[in-house]
Amino acid sequence: MKSSLRIQSTLGLLFRPCAVSAPVTAPGLNAHARWAHKIAAQLPLIPKPTPFVPDVPTFLTLIGRDLKQHTDKFPTWEALFTLTTDQLRELGVEPPRARRYLLRWRQRFREGKFGIGGDLKHVENGVAYLKIHEKEASPTRTSRKVVNVPANQNVEEVPEGECVRVKGYKVKGVSTIVGPYALPVQKGVSKLAVTEGMWEDKRGHKVDGGERRRAEVRFKRGVAERKALREKMGFY
């Protein structure tokens with residue numbers, strides 16, 4: 001009798017319906033996801049061109065990696081920012097890392113994360129002029145900053161509110177502008193021109209085949225070196 005009760009109890013435990021546990025939630029992660037979605041929704045799908053980046057050829061030239069060879073695949077600015085990765089593959093944008101690189105730079109441009117010169121306002125035919133703005137900070141000190149002004153205007157002719165410091169450039173000494181791709185024109189004046197690969201993310205140099213193949217490459221090289229040494233000593 002007792003044994004039959006034990007069997008019934010065991011069977012009851014086995015076939016008892018499992019309670020459905022409440023889903024585990026992570027408030028912090030959910031809030032982060034909502035915030036990221038909100039930010040993405042606020043970004044324009046097709047950003048406006050800038051004076052320094054007015055069209056597709058200029059954009060592809062600036063980001064480098066020989067992507068300008070695909071210029072004819074993007075008939076409009078809208079096409080550049082709306083084509084999906086599958087569509088890019090069908091158009092022949094290869095290899096896959098080139099497509100990923102292009103998609104990354106598209107997103108950066110949407111977010112306003114430009115490379116050198118991307119935020120300049122006064123640009124003509126792909127060339128921007130940089131000049132030195134001087135302001136008396138104190139009776140004994142003069143502050144100098146690099147600003148972007150129209151080519152045919154002096155700094156004094158530009159309203160004070162429009163003399164915005166150009167990121168990445170500074171004044172060395174009294175009249176020398178230093179910064180990436182700055183070409184001296186005359187004393188206190190330099191120009192910045194659209195250049196191939198100006199915004200390019202430089203790829204690292206693989207040492208011994210990179211991280212994934214480093215051990216294999218070094219092992220095979222060691223085997224070859226030891227074999228050559230034995231041959232030199234006459235063991236073969």
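Start at 1 with the first residue, then count along the sequence.
Contact annotation: the side chain of Val149 never approaches that of Asn154 to less than 4.5 Å [non-hydrogen atoms, C-beta and beyond]. For the pair Val158/Val147, no side-chain contact is recorded, criterion being any heavy-atom separation below 4.5 Å from C-beta on. Side-chain atoms of Tyr169 and Pro180, non-hydrogen and from C-beta on, do get closer than 4.5 Å to each other.
Among the candidates Ile177, Asn148, Leu192, the single residue satisfying the side-chain contact (heavy atoms from CB on, under 4.5 Å) test with Val166 is Asn148. Residue His70 is tested with Leu91, Val56, Val93 for a side-chain contact (heavy atoms from CB on, under 4.5 Å); the sole match is Val93. For the side-chain contact (heavy atoms from CB on, under 4.5 Å) with Phe74, the lone residue among Asp55, Leu80, Thr82 that qualifies is Leu80.
Formation of a donor-acceptor pair under 3.5 Å by the Arg65 side chain with backbone atoms of Asp201 is found in this model. No donor-acceptor pair under 3.5 Å is formed between the side chain of Tyr101 and the backbone N or O of Gly64. At distances below 3.5 Å, at least one donor-acceptor pair connects side-chain atoms of Gln69 with backbone N or O atoms of Asp66. Side-chain atoms of Lys145 do not come within 3.5 Å of backbone N or O of Lys135 as any donor-acceptor pair. Judged purely by atom type and a 3.5 angstrom limit, Thr61 has no side-chain atom pairing as donor or acceptor with the backbone of Lys68.
A donor-acceptor pair shorter than 3.5 Å cannot be found between the side chains of Arg104 and Gln107.
Across Leu83 and Lys73, no two heavy atoms sit closer than the pair CD1-O, 4.4 Å. Across all non-hydrogen atoms, the minimal contact from Arg110 to Pro47 is CG-CD, 3.9 Å. Cys163 and His133 make their closest contact through SG-CD2, 3.7 Å (heavy atoms, listed as atom of the first residue, atom of the second, distance). Shown here for Val194 and Phe52, the closest heavy-atom pair between the two residues is CG2-CZ, 3.8 Å. Closest of all the heavy-atom pairs between Val189 and Lys131 is CG2-CG, 4.1 Å. Taking all atoms of both residues into account, the shortest heavy-atom contact from Pro54 to Pro49 is O-CB, 3.6 Å.
Thr195 OG1 to Leu183 CG: the interatomic distance, rounded to the nearest 0.5 Å, is 7.0 Å. Going from atom CD of Glu78 over to atom CD1 of Ile46 covers 5.0 Å, rounded to the nearest 0.5 Å. To the nearest 0.5 angstrom, Met198 atom CE is 11.5 Å from Thr58 atom OG1. Here the CD-OH distance, from Glu124 to Tyr129, works out to 8.5 Å after rounding to the nearest 0.5 Å.
A salt bridge links Glu94 and Arg99; the closest N-O separation between the charged side-chain nitrogens and carboxylate oxygens is under 4.0 Å.
The distance between the ring centers of Phe109 and Trp105 does not fall below 6.0 angstrom.
Both Val127 and Val185 sit in one connected hydrophobic cluster of ILVMFWY residues. Membership requires side-chain heavy atoms under 4.5 Å apart, directly or through other members. Clustering ILVMFWY residues whenever any of their side-chain heavy atoms sit less than 4.5 angstrom apart, transitively, puts Trp77 in the very cluster that holds Leu45. Hydrophobic cluster membership is shared by Leu103 and Val53, with clusters built from Ile, Leu, Val, Met, Phe, Trp and Tyr side chains linked at under 4.5 angstrom.
Atom NZ of Lys191 sits in a sparse spot, with 12 or fewer heavy atoms from other residues, nucleotides or ligands closer than 6.0 Å. Heavy atoms from other residues, nucleotides or ligands lying under 6.0 Å from CG of Asn125 number 12 at most.
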Mind running side-chain contact (heavy atoms from CB on, under 4.5 Å) on Lys170 and Val178 for me, showing each step along the way?
-> CA-CA 6 Å; Lys170 61 182 181 180; Val178 294; 3.5 Å; yes
Carefully, step by step, assess Leu62 and Phe114 under the rule side-chain contact (heavy atoms from CB on, under 4.5 Å).
-> CA-CA 10 Å; Leu62 286 170; Phe114 308 126; over 6 Å; no
